[in-house]
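Here the structure is laid out as structure tokens; the discussion comes afterwards.
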Amino acid sequence: MLALISFCSVSLPRFGAIFRVMMTAVVAFMATSAVAQPAPPGTLRPDTIAARVAACTACHGAQGRAGTDGYYPRLAGKPQDYLYHQLLNFRDDRRQYRPMAHLLAGLPDDYLREMAAYFSEQHVPYPPPVRAEVSSATMEAGRTLALHGDAARGLPACAACHGAALSGVMPAIPGLLGLPRDYIGSQIGSWKNGLRRAAAPDCMADIADTLTPTDIGALAAWLSSQPVVEPYVAEPAGSLRLPAECGSQAQR
């Protein structure tokens, strides 16, 4: 990942630009509550899933395939329960990012479930990875943590929870490949700083608290540099015995 903790927040100028893009898309998003009217060709029809997710795709890309600026993550194909929990976390202030919280404020659970289902069903190709320009020692450190962990520090491997192919586990553990380096670093930093939380016991917060800035940078660099081999799908529920109890897995 990155320079990590520095990615846990967005600068004010960048926030303003992001907010303007999202608010442009939210016009279509809010149209879902309007009375249906015949729409000219090429425009969004009110109360359709395309209109409901228009604000999402403004930043996360068409079909949720990922943003173009190296920060916004891919939504397409992730487990539905994982996506739903993250929408709940943004809405209910367990995960702090102001544009997302603003867009989701007041939306009912069923609405969020529908959005999560839509993106989980999108299966689009992954682009080739951009190899991080770091030393071979850093890459090896990231590979070791991701695949083997560090028993001396009680750190489980990423693969112990996210699967041998790092493709995630149903119903709510996401894949780790195909994500931008900046995003990976910022999210681990957010857990470490308490800006991102999950249902207790929050196993990711415990793991992030043990990771050093060097660890986070190495993990972000290695994970973001790995190619995605298709079919890249989450492993079946119950296929792994998790090394720690995670509240998000018990959440339904």
Side-chain angles (χ1 to χ4, degrees), residues 1 7-10 18 22 25-26 29 49 52-61 63-67 71-124 158 161-163 166-180 182-208 220 223 232-234 237 242 246-252:
M1 313 181 175
F7 285 94
C8 295
S9 59
V10 180
I18 294 168
M22 296 182 79
V26 84
F29 180 78
I49 190 62
R52 292 186 179 193
V53 302
C56 309
T57 56
C59 291
H60 290 275
Q63 297 177 279
R65 66 179 63 213
Y71 183 81
Y72 295 102
R74 179 185 176 102
L75 304 179
K78 290 192 174 179
Q80 180 179 340
D81 278 10
Y82 170 76
L83 294 173
Y84 173 62
H85 292 162
Q86 298 319 302
L87 291 171
L88 288 177
N89 290 344
F90 279 120
R91 187 195 66 185
D92 299 340
D93 204 31
R94 286 186 295 271
R95 188 171 175 182
Q96 298 176 33
Y97 185 59
R98 287 174 60 195
M100 284 293 296
H102 179 82
L103 286 173
L104 298 173
L107 293 182
D109 292 1
D110 286 348
Y111 200 107
L112 302 185
R113 285 186 188 278
E114 184 178 355
M115 294 166 70
Y118 169 81
F119 284 113
S120 72
E121 294 165 359
Q122 305 305 303
H123 299 287
V124 293
C158 301
C161 294
H162 293 267
L166 300 171
S167 58
V169 180
M170 296 297 287
I173 297 178
L176 298 181
L177 304 186
L179 293 169
D182 289 8
Y183 176 78
I184 298 172
S186 72
Q187 296 313 301
I188 298 180
S190 291
W191 261 304
K192 193 174 183 70
N193 288 346
L195 295 175
R196 180 171 178 176
R197 294 175 288 132
D202 191 343
C203 52
M204 266 305 303
D206 294 338
I207 292 169
L223 288 170
Y232 186 67
V233 295
L242 301 184
C246 296
S248 59
Q249 280 299 96
Q251 208 177 33
R252 292 289 181 271

Kindly indicate, with the supporting measurements, whether the criterion side-chain contact (heavy atoms from CB on, under 4.5 Å) is fulfilled by L83 and L75. CA-CA 8 Å; L83 294 173; L75 304 179; 4.2 Å; yes
Would you say Q187 and R95 are linked by a side-chain donor-acceptor pair, where the criterion is simply a distance under 3.5 Å?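 Result is yes, a qualifying pair exists.
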Nearest heavy-atom neighbours spanning [X] and [Y]:
| X | Y | value |
| --- | --- | --- |
| S120 | P79 | CB-C, 4.3 Å |
| Y72 | C59 | CB-O, 3.4 Å |
| A234 | V169 | CB-N, 4.0 Å |

Can you tell me how the ring of Y183 sits relative to the ring of Y71, calling it parallel under 30°, perpendicular over 60° and tilted otherwise?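 Judged by the thresholds at 30° and 60°, the geometry between Y183 and Y71 is perpendicular.
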Shorter than 2.5 angstrom, is that how the SG atoms of C161 and C203 come out?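 In this structure, C161 and C203 share no disulfide.
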As a test of understanding, state which of Q63, K78, R65, R74 forms a side chain to side chain donor-acceptor pair (under 3.5 Å) with Q122.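 Between Q122 and the candidates, side chain to side chain donor-acceptor pair (under 3.5 Å) is satisfied uniquely by Q63.
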Within this structure, what is the [atom1]-[atom2] distance for the pair [X] and [Y], rounded to the nearest 0.5 Å?
| X | Y | atom1 | atom2 | result |
| --- | --- | --- | --- | --- |
| M204 | C158 | CE | SG | 7.5 Å |
| M170 | D81 | CE | CG | 7.0 Å |
| F119 | H60 | CZ | NE2 | 7.5 Å |
| I188 | N193 | CD1 | CG | 12.0 Å |
| M115 | Q80 | CE | CD | 12.5 Å |
| C56 | L87 | SG | CG | 7.0 Å |

Checking E114 side chain against D110 main chain: does a donor-acceptor pair fall under 3.5 Å?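 No, E114 side chain to D110 backbone: no donor-acceptor pair under 3.5 Å.
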Is there a donor-acceptor pair under 3.5 Å between the side chain of Y232 and the backbone N or O of L177?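 Between the backbone of L177 and the side chain of Y232 there is a qualifying donor-acceptor contact (under 3.5 Å).
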side-chain contact (heavy atoms from CB on, under 4.5 Å) for I207 and W191? Distances and angles first, verdict last. CA-CA 9 Å; I207 292 169; W191 261 304; over 6 Å; no
Is there side-chain contact between L112 and L104, with at least one heavy-atom pair below 4.5 Å?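 Sidechains of L104 and L112: in contact.
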With sequence neighbours excluded, tell me which residues meet salt bridge (charged side-chain N to carboxylate O under 4.0 Å, His left out) with R91.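 Applying salt bridge (charged side-chain N to carboxylate O under 4.0 Å, His left out) to R91 gives D109.
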